[in-house]
There are 2 protein chains.
Amino acid sequence: MNQLEKTQLDTRTRIIETATDMFLLRGFSGTSMSAIAQSCNMTKASLYHHFQGKEDLFIACVTYGYADALEALAAIAADGSLSAEQKLRAAVDALYTTMIISPVGRMSPLIAEVSRAFPSVARSFHTEYVEPQRATLWGIVEEGQHSGAFRNFDKNQFFHLAFGPMVTLSLSREMFATFDDLDDHFPVDDLRDGHAAVLLKILAPE
Amino acid sequence: MNQLEKTQLDTRTRIIETATDMFLLRGFSGTSMSAIAQSCNMTKASLYHHFQGKEDLFIACVTYGYADALEALAAIAADGSLSAEQKLRAAVDALYTTMIISPVGRMSPLIAEVSRAFPSVARSFHTEYVEPQRATLWGIVEEGQHSGAFRNFDKNQFFHLAFGPMVTLSLSREMFATFDDLDDHFPVDDLRDGHAAVLLKILAPE
DNA sequence: GGGCATCAACCGACCGTTCGGTAGGCATTT
DNA sequence: AAATGCCTACCGAACGGTCGGTTGATGCCC
């Protein structure tokens, strides 16, 4: 990669990260291309030099974080030094971090907003992010089931109980982001620990 | 209330219900006042005769469903013929119905979209809808704890595990509303029953 | 006749998008 | 080494259209 391509990539990345922040704050329709350009210290015309249009930029924002978010989880699942219980516990921690902190984890309400206008974005989010995440987590559960550490449990039921609370926590913190007592209402660490304990309990052999 | 006031109220209600559907489909910024007026078979000017502005109309839409959604839950909590376990089971059913079907239960991503622009809407949603709902559900749990039917359990942890899955299910069905195999991915009845069973299990005395 | 609901017409601002053009780096030709 | 042509990045200005919101008039029902 020469200097020119690198500069171009840097600019694109800078735009994507800036735009992602704004989309998360104000929603898709609530964020204008002019406002994004302004935040990137460039003109609208320059912005349109790097992206074909608003939808194109939005898709780039959504897709941008898939890999990193999945990689952290995959690393835990592949760690041979951990037992299934340890992996599950670590995976829960990693998932909470992703859902609360990383842009891609906080995008659910954004996807909901555009789900009818851009069904392909929702499809991509599901196929390339949600499903791989579920599959990796389920691999850990299956490993525990084979070793006798976990009991049998319905797959979709487990996802419902595992992802439900953490996604809702992420959503709640977006909904009530302006509360100055947000951490009192929704204390991430406490809720995460209690949740992990319950998951291990319902998976424990009878 | 005379005939005139009643007609006016009917018109307001008709507008609110129409606008709510559109806000849920396209988001706040994605729904224009012209489009709402058109769906109501009236002019924008007539729409502005009934509501001061877009924010005013939106607040009316959000507030509109509070009472009905809370009433169904309160009726269960007040039913003297049911045991605490039966009440909890019925409450879970009612909450799933609210979250999946009723507009107010499906509004979470909408609140997230406007949370920074209209913090007061988020506040109202929390104070007048979320908190009363939690309080009523917790009343049922406390009743069971006093009678020995339920063990002690941290309040916020319980909310996390009880509301988490159902809110996420509602959100997921909004995000992936365009999928033609939506009910295969997110089967409400199955997930609800399994969830209720787990809740009763973690509350069961040791 | 007086208050109310509705309307067509209109407003300035902003939307996403496009256009014509400029500045500067790089490679090839002279 | 100078001149040429091309490419990327960027910009000011403007496009047609839509936004939320307003005005004044018209019909209608009590």
Side-chain angles (χ1 to χ4, degrees), chain A residues 1-62 110 113-114 116-118 120-121, chain B residues 1-62 110 113-114 116-118 120-121:
Chain A
M1 184 185 304
N2 59 32
Q3 182 61 38
L4 198 114
E5 283 171 349
K6 195 177 167 192
T7 305
Q8 182 172 7
L9 201 69
D10 285 349
T11 305
R12 259 188 77 98
T13 303
R14 205 183 84 239
I15 294 173
I16 288 176
E17 290 175 351
T18 305
T20 301
D21 284 346
M22 303 184 68
F23 283 138
L24 284 173
L25 280 176
R26 301 185 241 278
F28 176 78
S29 296
T31 306
S32 72
M33 292 296 268
S34 338
I36 295 172
Q38 209 163 7
S39 284
C40 294
N41 293 116
M42 55 172 63
T43 2
K44 248 194 303 184
S46 302
L47 185 55
Y48 272 88
H49 173 75
H50 293 276
F51 296 90
Q52 290 182 24
K54 196 182 183 185
E55 180 177 353
D56 182 43
L57 171 57
F58 182 71
I59 291 174
C61 289
V62 174
L110 203 46
E113 184 198 340
V114 303
R116 273 87 174 186
F118 311 136
S120 64
V121 176
Chain B
M1 185 187 302
N2 59 33
Q3 182 60 37
L4 196 118
E5 283 171 346
K6 196 175 166 193
T7 305
Q8 184 172 9
L9 200 69
D10 284 350
T11 304
R12 261 187 76 99
T13 303
R14 205 182 85 238
I15 295 172
I16 288 176
E17 290 175 350
T18 305
T20 300
D21 284 347
M22 302 183 68
F23 282 137
L24 285 172
L25 280 175
R26 301 185 242 275
F28 176 79
S29 295
T31 306
S32 70
M33 291 296 270
S34 337
I36 294 172
Q38 208 163 5
S39 285
C40 295
N41 294 115
M42 57 172 65
T43 331
K44 228 190 337 174
S46 302
L47 185 55
Y48 272 90
H49 174 74
H50 293 277
F51 294 92
Q52 290 181 23
K54 196 183 184 185
E55 181 178 352
D56 182 42
L57 171 57
F58 182 71
I59 292 175
C61 290
V62 175
L110 202 47
E113 184 198 340
V114 304
R116 275 86 174 186
F118 311 136
S120 62
V121 175

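By convention in this document, chain letters (A, B, ...) are assigned in the order of the sequence lines, proteins followed by strands, and residues within each chain are numbered from 1. Keep in mind it's a predicted model, so treat the numbers as computed, not measured.
- Put simply, CD on A:Gln38 is 15 Å from C1' on D:dG12, counting in whole angstrom units.
- Proximity of a side-chain donor or acceptor of A:Thr31 to a complementary backbone N or O of A:Met22 within less than 3.5 Å is detected.
- When the nucleotides C:dG16, D:dT22, D:dC11 are ranked by their closest atom to the side chain of A:Tyr48, C:dG16 comes out on top.
- Between the C1' atom of D:dG21 and the CG atom of B:Asp56 lies a distance of 13 Å, rounded to the nearest Å.
- Note on ring orientation: taking the six-membered ring where Trp is involved, the planes of B:Phe118 and B:Phe58 are tilted (angle from 30° to 60°).
- To the nearest angstrom, C1' of C:dT17 lies 16 Å from NE2 of A:His50.
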Return the polar atom pairs (N/O with N/O) between nucleotides 9-15 of chain C and the protein under 3.5 Å, or none.
from, atom 1, to, atom 2, distance (Å)
C:dC15, OP1, A:Ser32, OG, 3.3

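- Between A:Leu47 atom CG and C:dT17 atom P there is a gap of 10 Å when expressed in whole angstrom units.
- Rounded to whole angstrom, the span from the CE atom of A:Met42 across to the C1' atom of D:dT8 amounts to 13 Å.
- The backbone N or O of B:Ala35 sits less than 3.5 Å from a side-chain atom of B:Ser32, completing a donor-acceptor pair.
- The CD1-C1' distance, from B:Ile36 to D:dC19, rounds to 12 Å in whole Å.
- Atom NE2 of A:His49 and atom C1' of C:dG20 are 15 Å apart (whole Å).
- Between the CZ atom of B:Arg26 and the C1' atom of D:dT18 there is a distance of 15 Å, rounded to whole Å.
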